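The next block holds one structure in the form of structure tokens; read it before the comments.
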Amino acid sequence: MKRRVVVTGMGVITPIGLDKKTFFQELRDGRHGFSEITKFDSTDYKCHIAAEVKGFDAKQYMDAKAARRMELFSQYAVAAAREAFEDSRIDMKKEDPYRIGCAVGSGIGSLQAVERECGRLTDKGPSRINPMLVPMMISNMAAGNVSIQFGLKGKSIDVVTACASGTHSIGEAFRSIQYGEADVMAAGGTEAAITPIGIGGFCALTALSFVNDPDRCSLPFDRDRSGFVMGEGAGIVILEEMEHAKRRDAHIYAEVMGYGCTSDAYHITSPAEDGMGAANAMLYAIKDGGISPDAVTYINAHGTGTHHNDLFETRAIKKAFGSHADGIHINSTKSMVGHLLGAAGAVEFVACVGQMEAGFIHKTVGYTTPDTEMDLDYCKDAYEEEIPYALSNSLGFGGHNASILIGNRRNENRI
């Protein structure tokens with residue numbers, strides 16, 4: 001018999017806030033985090049705008065020695081996890097550490113380490129490569145460092161599915177608790193890819209927006225969309241078996257009810273044109289949660305602002321929901337924080353839960369002009385209303401589709 005799973009803690013590091021309180025307020029106010037790239041000189045690049053994390057100091061979240069032995073993506077994960085654990089009020093001294101696990105994904109790991117050590121290799125030869133290069137750059141070190149920092153001795157995994165990594169990580173953590181592998185899981189995603197090779201690679205792929213106006217560079221679902229804007233940061237949630245949470249009188253934000261995954265088996269970068277892969281991921285999550293599709297009133301879309309993604313995700317929503325699609329509010333958090341790659345789905349999951357807790361739906365910032373075939377409610381304006389059930393969608397290069405169904409804790413006094 002599957003166990004029920006709830007959210008009892010949340011933490012974020014984002015371009016619009018280094019804590020969940022600030023992040024939620026910026027979402028409500030519709031403020032974006034786009035500005036000129038400062039992490040390197042982008043003069044020779046086609047793209048000059050990104051959503052950088054501002055004011056982050058790793059030593060505020062961990063001791064200086066630990067910080068020096070982590071790359072930025074791991075630092076972001078540990079910082080977000082610290083807020084999530086503090087928010088959850090879990091006392092590790094009273095818990096069995098082998099029943100508390102970790103699922104933190106990163107799509108890339110540390111490009112900074114690769115760039116730095118490739119430079120040393122070229123300039124000074126192989127004997128000068130940092131002996132810590134490998135354990136600092138590999139993507140699983142975010143999960144490893146979170147486990148080490150907080151003494152989590154249960155299941156520890158790193159799901160790598162490109163831009164779906166964060167959503168898959170939360171979904172796999174959900175499954176782990178459902179089926180008794182753990183009682184508590186720290187889950188989410190992290191990324192720090194605003195680097196010369198990161199920006200250069202996505203420029204070469206023509207996936208990034210080359211618009212230099214911060215107010216018009218990230219326009220999900222808009223006719224004038226021109227590509228995505230690179231973001232960075234981390235989102236971590238504490239998932240917990242419901243009875244375990246009740247026994248310790250934890251605050252329950254929401255219930256994770258369903259998880260659906262598919263593969264397009266179509267193209268390495270483009271979603272399937274008919275949207276069936278993403279549509280089935282949503283339907284599988286809804287079926288897993290035991291509700292009717294008509295009960296879903298809000299979708300936090302993948303919504304990157306690229307032509308193919310937004311059009312094909314719209315088709316997927318129409319296929320999954322039929323005529324009910326017209327009554328669903330659909331927004332894109334990427335309109336404010338950009339695309340956080342492996343961290344995107346995790347930060348967007350936190351956004352879903354925060355909106356559900358507070359009873360609002362943020363607008364898709366910058367959205368003004370509908371496009372052909374894209375005629376749904378993409379939240380040109382914000383809404384103040386209850387969200388009984390929400391879906392959070394992520395689509396990753398390689399055809400990875402993931403969707404998570406979230407239920408309001410106030411639904412029919414379920415919790």
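These numbers come from a predicted model, not from an experiment. The basis for the numbers below is simple: all heavy atoms, side chains too, and nothing from hydrogens, waters or symmetry mates.
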Point to revise | Point-to-point distance, once rounded to the nearest 0.5 Å, from CE of M230 to CD of E191 | key: 8.5 Å

Point to revise | S209 (side chain) donor-acceptor with C217 (main chain) under 3.5 angstrom | key: yes

Exercise for review: Give a yes or no on whether I197 atom CD1 has more than 12 heavy-atom contacts from other residues, nucleotides or ligands under 6.0 Å away.
Suggested key: no

**Study point:** More than 12 heavy atoms of other groups within 6.0 Å of E385 CD
**Key:** yes

Practice item. Take T190 and Q75 through the side-chain contact (heavy atoms from CB on, under 4.5 Å) test and state the conclusion after the steps. Key: CA-CA 9 Å; T190 186; Q75 292 177 352; over 6 Å; no

**Study point:** Distance-minimising heavy-atom pair for Y259 and T167
**Key:** CE1-O, 4.3 Å

Study note, to complete from the structure: Heavy-atom closest pair (G277 atom, D264 atom, distance to 0.1 Å) is CA-OD1, 3.3 Å

Exercise for review: Report the C-alpha separation of I328 and L376 in whole Å, then their side-chain angles, then the decisive distance to 0.1 Å, and conclude whether the side-chain contact (heavy atoms from CB on, under 4.5 Å) test is met.
Suggested key: CA-CA 8 Å; I328 299 175; L376 301 178; over 6 Å; no

Review point. Thinking salt bridges, do R175 and D288 make one under a 4.0 Å N-O criterion?
Key: yes

**Study point:** K65/D63 salt bridge by N-O under 4.0 Å criterion
**Key:** no

Check your understanding: Is the side chain of H48 donor-acceptor paired with the backbone N or O of S42 at a distance under 3.5 Å, no angle test?
Key -> yes

Review point. Is any side-chain heavy atom of P214 closer than 4.5 Å to a side-chain heavy atom of S35?
Key: no

Exercise for review: Give a yes or no on whether the backbone of A164 and the side-chain of S394 come within a donor-acceptor separation of less than 3.5 Å.
Suggested key: no

Review point. Looking at G55 and L18, what are the two nearest heavy atoms and their distance?
Key: O-CD1, 3.7 Å

Point to revise | Exceeds 12 heavy-atom contacts within 6.0 angstrom, atom NZ of K287 | key: no

Practice item. Measure across A279 and A320 and return the closest heavy-atom pair with its distance rounded to 0.1 Å. Key: O-CB, 3.9 Å

**Study point:** Heavy-atom donor-acceptor pair, R89 side chain to D249 backbone, under 3.5 Å
**Key:** yes

Point to revise | Side chain to side chain, M62 and Q149, heavy atoms closer than 4.5 Å | key: yes

Review point. Which is it for D310 and Y378 under the side-chain contact (heavy atoms from CB on, under 4.5 Å) test, yes or no, and what are the steps along the way?
Key: CA-CA 11 Å; D310 295 358; Y378 302 112; over 6 Å; no

Review point. Can a salt bridge be assigned to the pair D183 and R247 using a cut-off of 4.0 Å between side-chain N and carboxylate O?
Key: no

Review point. Any luck finding a side-chain donor-acceptor pair between N393 and S403 under 3.5 Å?
Key: yes

Practice item. Would you check if V237 and V350 make a side-chain contact, meaning some heavy-atom pair closer than 4.5 Å? Key: yes

Review point. Is any side-chain heavy atom of V78 less than 4.5 Å from a side-chain heavy atom of I148?
Key: no

Review point. Are there more than 12 heavy atoms of other residues, nucleotides or ligands under 6.0 Å from atom CZ of R248?
Key: yes

Exercise for review: Evaluate salt bridge (Lys or Arg N to Asp or Glu O under 4.0 Å) for R315 paired with E373, printing each intermediate quantity in order.
Suggested key: CA-CA 8 Å; R315 291 176 182 173; E373 201 179 326; 2.5 Å; yes

**Study point:** Trace of the side-chain hydrogen bond (donor to acceptor under 3.5 Å, both in side chains) decision for E115 with T195
**Key:** CA-CA 9 Å; E115 290 175 346; T195 73; 3.1 Å; yes

Check your understanding: Judged by atom type as modelled, is there a donor-acceptor pair below 3.5 Å linking the side chain of Q355 to the main-chain atoms of A351?
Key -> yes

Check your understanding: Can any side-chain N or O of R3 pair as donor or acceptor with the backbone N or O of I177 at less than 3.5 Å?
Key -> yes

Check your understanding: Say you draw a straight line from CD of E181 to CZ of R99; how long is it, rounded to the nearest 0.5 Å?
Key -> 9.0 Å

Point to revise | S139 and S106: side chain donor to acceptor below 3.5 Å | key: no

Point to revise | Side-chain donor/acceptor of E313 to backbone N/O of A278, under 3.5 Å | key: no

Check your understanding: Would you say the side-chain atoms of E52 and T38 include a donor-acceptor pair closer than 3.5 Å?
Key -> yes

Exercise for review: Specify the closest pair of heavy atoms between V104 and C102, including all atoms of both residues, with the distance to one decimal.
Suggested key: CG2-SG, 3.6 Å

Point to revise | Side-chain donor-acceptor pair present, T161, H168, cut-off under 3.5 Å | key: yes

Exercise for review: Using only heavy-atom distances, determine whether the side chains of E357 and H251 contain a donor-acceptor pair under 3.5 Å.
Suggested key: yes

Practice item. Output yes when a side-chain donor or acceptor of S74 lies under 3.5 Å from a complementary backbone atom of N145, and no otherwise. Key: no

Review point. Side chains of N401 and T262: donor-acceptor distance under 3.5 Å anywhere?
Key: yes

Practice item. Kindly indicate whether the side chain of D377, heavy atoms from C-beta on, has any atom under 4.5 Å from the side chain of I330. Key: no

Review point. Do any N or O atoms from the side chain of E232 and from the backbone of V53 form a donor-acceptor pair under 3.5 angstrom?
Key: yes

Exercise for review: Could you tell me whether the side chain of V365 reaches within less than 4.5 Å of the side chain of F34, counting heavy atoms only?
Suggested key: no

Exercise for review: Evaluate whether atom CG of D213 has more than 12 neighbouring non-hydrogen atoms of other residues, nucleotides or ligands under 6.0 angstrom away.
Suggested key: yes

Check your understanding: Any side-chain heavy-atom pair from V6 and R409 closer than 4.5 angstrom?
Key -> no

Review point. What distance separates M137 CE from E117 CD, expressed to the nearest 0.5 Å?
Key: 10.0 Å

Check your understanding: Which word best sums up how the rings of H339 and F228 line up, parallel for under 30°, tilted for 30 to 60°, or perpendicular for over 60°?
Key -> perpendicular

Practice item. Mind checking the CZ-CD1 spacing from F73 to I13? Nearest 0.5 Å is all I need. Key: 15.5 Å

Check your understanding: Hey, does C379 have a side-chain heavy atom less than 4.5 Å from the side chain of F221?
Key -> no

**Study point:** Y45-F40 aromatic ring centre distance below 6.0 Å
**Key:** yes

Exercise for review: To the nearest 0.5 angstrom, please state how far the CZ atom of F349 sits from the CD1 atom of I236.
Suggested key: 12.0 Å

**Study point:** Check: Q25/D29 side-chain N/O donor and acceptor closer than 3.5 Å
**Key:** yes

Practice item. Quick one: pull up CD1 in I406 and CG in L391 and give me the separation to the nearest 0.5 Å. Key: 8.0 Å

Check your understanding: Is R28 close enough and on-axis enough to F360, meaning under 6.0 Å and within 45°, for cation-pi?
Key -> yes

Review point. Does the side chain of T304 come under 3.5 Å of the side chain of H302 through a donor N or O and an acceptor N or O?
Key: no

Revision key, fill the gap. For L111 and G198 the tightest heavy-atom approach is CD1-CA, 3.7 Å

Practice item. Run the salt-bridge test on K21 and D87 with the 4.0 Å N-O cut-off and return the result as yes or no. Key: no

Review point. Is the shortest distance from a Lys or Arg side-chain nitrogen in R4 or E255 to a carboxylate oxygen in the other one below 4.0 Å?
Key: yes

**Study point:** Y98 atom OH: more than 12 heavy-atom contacts under 6.0 Å
**Key:** no

Review point. Under 3.5 Å, is there a donor-acceptor pair between the Y383 and D381 side chains?
Key: no

Point to revise | Check: N331 side chain, T364 main-chain N or O, donor-acceptor pair, under 3.5 Å | key: no

Check your understanding: With a cut-off of 6.0 Å (strictly less than), are more than 12 heavy atoms of other residues, nucleotides or ligands near OH of Y284?
Key -> no

Point to revise | Test side-chain hydrogen bond (donor to acceptor under 3.5 Å, both in side chains) applied to R225 and T306, T369, N309, D371, the passing residue | key: D371

